[in-house]
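Values reported hereafter were calculated over all heavy atoms of this structure, with side chains retained and with hydrogens, waters and symmetry mates removed. Residue numbers run from 1 in the order of the sequence given.
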Amino acid sequence: MIGTRDEFRSYMCGKHRVKGEIDIPPDKVGGTFIFDAANGSHSLEVIWLPQMDFTTWDYMALAHECDHAAMDILEQHGMKLGDDSMNHAYIYFKGAIYLSFLNQLHRDRKKAESTLKKAK
């Protein structure tokens, strides 16, 4: 999710019905958060960045958060990094998360550009 802290809180409480306060320390410039799904069936892993200007720094921050997400999800399923087969699975999984996030960003960006063109 890309947006301000308030937009992130609103998104999580609205779309995913997360209850309670979502605490984001003031010095945090992005993060990976784990929430219980509203229906209690699973955990929800969410990556948040306050902005995405498509700079190399932004891509690095996204890759960093994808690292955390991949490790968190695998650990939730009892898998730990360390042996070669697990490390390899982690690398592919992290890549899939990163690619999924980038694809959504580019779809959103194209949609916004299209909307701006139609408005002119």
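- Side chain of S100 to backbone of A96: no donor-acceptor contact under 3.5 angstrom is found.
- Considering only heavy atoms from C-beta on, F101 comes within 4.5 Å of I2 through its side chain.
- Atoms CZ and NE2, on F54 and H106 in that order, are 5.5 Å from each other to the nearest 0.5 Å.
- The side-chain heavy atoms of W48 and E7, taken from C-beta on, include no pair separated by under 4.5 Å.
- Here the straight-line distance linking atom CG of D72 with atom CD of E65 works out to 10.0 Å at 0.5 Å rounding.
- The hydrophobic cluster containing Y59 also contains I97, counting ILVMFWY residues as joined when their side-chain heavy atoms lie under 4.5 angstrom apart, directly or transitively.
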TODO: For side-chain contact (heavy atoms from CB on, under 4.5 Å), just list the numbers for L49 and D58, CA-CA rounded to whole Å, side-chain angles, deciding distance to a tenth of an Å, and then say yes or no.
DONE: CA-CA 9 Å; L49 296 171; D58 291 334; over 6 Å; no

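- In this structure, the side chains of Y98 and D67 stay at 4.5 Å or more apart for every pair of heavy atoms.
- To the nearest 0.5 Å, atom NZ of residue K94 and atom NE2 of residue H64 are 10.0 Å apart.
- The closest side-chain heavy-atom distance from Q76 to E45 is below 4.5 Å.
- I47 and I91 fall within the same hydrophobic cluster, where Ile, Leu, Val, Met, Phe, Trp and Tyr residues are linked whenever their side-chain heavy atoms come under 4.5 Å apart, directly or through other members.
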- [ ] I would like to know whether D6 and R9 meet salt bridge (charged side-chain N to carboxylate O under 4.0 Å, His left out); could you show each step before the answer?
- [x] CA-CA 5 Å; D6 289 339; R9 287 182 186 106; 3.3 Å; yes

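- To the nearest 0.5 Å, atom CG of residue L102 and atom CZ of residue R107 are 10.5 Å apart.
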